[in-house]
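This report refers to the structure that appears directly beneath it.
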Amino acid sequence: MGKYSTSNRLEVDQPTQGADRNRSLADQADPATDELLLPQLDDGITLLDVEGGRGVPVLQSLVLDHLLLHDGPAFWVDANGHATTTILAQIAPSQRLLNRIHVARGFTASQHYGAVCDLPAAVNKAIQTSTADTGAAGRRSPGRDEDTSSHTPALIVAPAVDAQYRADDTLGETHAKTLQARTLARLATYAEGYDIPVLVTRNERNEFTEPIVTVADHHLECEQTRMGPRVVGEDFETLVYPVDDGAYYQTTFAYWRQLLAARATQVGVEPTTAAPSTPTPEGVGTGVTADGETVAATADPLLDAWTATGGGR
């Protein structure tokens, strides 16, 4: 028996885990054309916890990656500026991808809850608009999920789902918990009714946000390592990030941008979006009109409610 026989036997006997799949991908010549190293969002509520910060690029990258693989729009109920278009425009490989994201912003607990309640009406309006566009009907890029439709929702996003209920001084603790519970119940109903993923995050981990953990069907944790973010889920673990020259590294912004560009190429979406030259305050960001003009996003919830981030509707 050689001195490596025990480790070899254990390696053969071990089941294939997410980490093992990542190692296999690292050995391939061109892993970007195969499975990419972002977790898949499954149907039901997924709670994303990001250590050491809000993790806006991580959240937005998961959303954009899901939209690259699935037809249909995303509906985003925003809190605390997670839907800032500055970052979205920097990492999105195509402007057309941004046009599929519809955003409603809630600056108070009642506004946030109202946006969640109004989501079915926003979905119906989006379906009516998309079905009226006969030119878009039946179009599907290679690599997309064949079970998804370009008209029905592909994803619901609700970052910092606890933020407004925790911060609203007009609500007592009991009322705040009740309103948050109603919001979570509606999101769970939408996940089941539309048969899609709902991606949520929370501002803090404490007793107030325990109901979010309880209602979640899946849990992703993102750890901010010294070399960049590392995502861990039930069957997924980020270990290495491959680059073209055969090296492997972890980083933040450059990785998300490169990864999404590779995914876009894989599904036949031509990268078209250039990074904005002038940064804007996080939480408001900029928008792009139908004529291609960059404009500042308004903070008026009546104007922002359920608009497309790529120009507004």
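In what follows, every heavy atom counts, from backbone to side chain, and hydrogens, waters and symmetry copies are set aside. All residue numbers refer to positions in the sequence shown, counting from 1.
For the residue pair H151 / S130, a side-chain donor-acceptor distance below 3.5 Å is found, with atom types taken as modelled.
Here the shortest heavy-atom pairing between C222 and V231 reads SG-CG2, 4.1 Å. In terms of heavy-atom proximity, A163 sits nearest to N80 at CB-ND2, 3.6 Å. Summarising the geometry of P159 relative to D78, their closest heavy-atom pair is CG-OD1, 3.6 Å, with the distance given to 0.1 Å. Nearest heavy atom pair, residue V161 against residue Q180, reads O-OE1, 4.5 Å. The minimum heavy-atom distance between I91 and P57, with the atom names listed, is CD1-O, 4.1 Å. Across every non-hydrogen atom of A154 and D71, the tightest pair is CB-O, 3.2 Å.
Separation of atoms CG (L260) and OG1 (T265) is listed at 11.0 Å; rounding is to 0.5 Å. The CG atom of L119 sits 10.5 Å away from atom NE2 of H102, with the distance rounded to the nearest 0.5 Å. Taking CG from D118 and CZ from F75, the interatomic distance works out to 12.5 Å, rounded to the nearest 0.5 Å. To the nearest 0.5 Å, the span separating CD on Q60 from CD1 on I87 amounts to 5.5 Å. With values rounded to the nearest 0.5 angstrom, D217 atom CG is found 11.0 Å from L47 atom CG. Within the model, atoms CD of Q164 and CG of L179 stand 11.0 Å from one another, a figure rounded to the nearest 0.5 Å.
Evaluation of the salt bridge (Lys or Arg N to Asp or Glu O under 4.0 Å) rule for E207 yields no partner, not counting sequence neighbours. Applying the side-chain hydrogen bond (donor to acceptor under 3.5 Å, both in side chains) rule to S110 yields the partners T108; only residues at least two apart in sequence or on another chain are considered. Shown here are the salt bridge (Lys or Arg N to Asp or Glu O under 4.0 Å) partners of R186, two or more places apart in sequence or in another chain: there are none. Scanning for salt bridge (Lys or Arg N to Asp or Glu O under 4.0 Å) contacts around E210 gives an empty result, with sequence neighbours left out. By the side chain to side chain contact (heavy atoms under 4.5 Å, CB included) test, D195 pairs with D43, sequence neighbours left out. Annotation: side chain to side chain contact (heavy atoms under 4.5 Å, CB included) contacts of A188 (sequence neighbours excluded): I45, V215. Residues meeting the salt bridge (Lys or Arg N to Asp or Glu O under 4.0 Å) test with R205, sequence neighbours left out: D49, E221. Residues passing the side-chain hydrogen bond (donor to acceptor under 3.5 Å, both in side chains) test with E204 are N206, sequence neighbours excluded. For Q40, the side chain to side chain contact (heavy atoms under 4.5 Å, CB included) test picks out D42, with sequence neighbours left out. Partners of H218 under the ring pair (Phe, Tyr, Trp, His ring centres under 6.0 Å) rule, at least two apart in sequence or in another chain, do not exist in this structure.
Among pairs with a residue in residues 170-182, those fulfilling salt bridge (charged side-chain N to carboxylate O under 4.0 Å, His left out) read E173-K177, at least two apart in sequence or across chains. Each ring-ring contact (aromatic ring centres under 6.0 Å, His included) pair with one or both residues in residues 162-212, not counting sequence neighbours, appears once here: H112-Y165.
Remark: the backbone N or O of G72 is paired with a side-chain donor or acceptor of R100 at under 3.5 angstrom. Looking at N203, its side chain never comes within 3.5 Å of a backbone N or O of A160 through a donor-acceptor pair.
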Please assess L59 against V157 for the test side chain to side chain contact (heavy atoms under 4.5 Å, CB included), listing each intermediate value before the final yes or no. CA-CA 9 Å; L59 172 73; V157 191; 4.2 Å; yes
Item to complete: For side chain to side chain contact (heavy atoms under 4.5 Å, CB included), just list the numbers for L88 and L97, CA-CA rounded to whole Å, side-chain angles, deciding distance to a tenth of an Å, and then say yes or no.
Response: CA-CA 10 Å; L88 272 170; L97 201 61; over 6 Å; no
Please lay out, stage by stage, how L41 and L155 fare under the test side chain to side chain contact (heavy atoms under 4.5 Å, CB included). CA-CA 9 Å; L41 297 178; L155 177 67; 4.0 Å; yes
- Check the pair R202, V213 against side chain to side chain contact (heavy atoms under 4.5 Å, CB included), reporting the backbone distance first and the verdict last. CA-CA 10 Å; R202 52 179 170 168; V213 180; 3.4 Å; yes
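Across V77, I156, L184, a single residue satisfies side-chain contact (heavy atoms from CB on, under 4.5 Å) together with V116, and that is V77.
Two residues are said to be in side-chain contact when any heavy atoms from C-beta on lie closer than 4.5 Å; V50 and V56 fail this criterion. Inter-residue side-chain proximity for V200 and I212 is flagged as met; some heavy-atom pair is nearer than 4.5 Å.
Using a 4.0 Å cut-off between charged side-chain N and carboxylate O, D65 and R263 make a salt bridge.
One hydrophobic cluster, built from ILVMFWY side chains closer than 4.5 Å, holds both L98 and V63.
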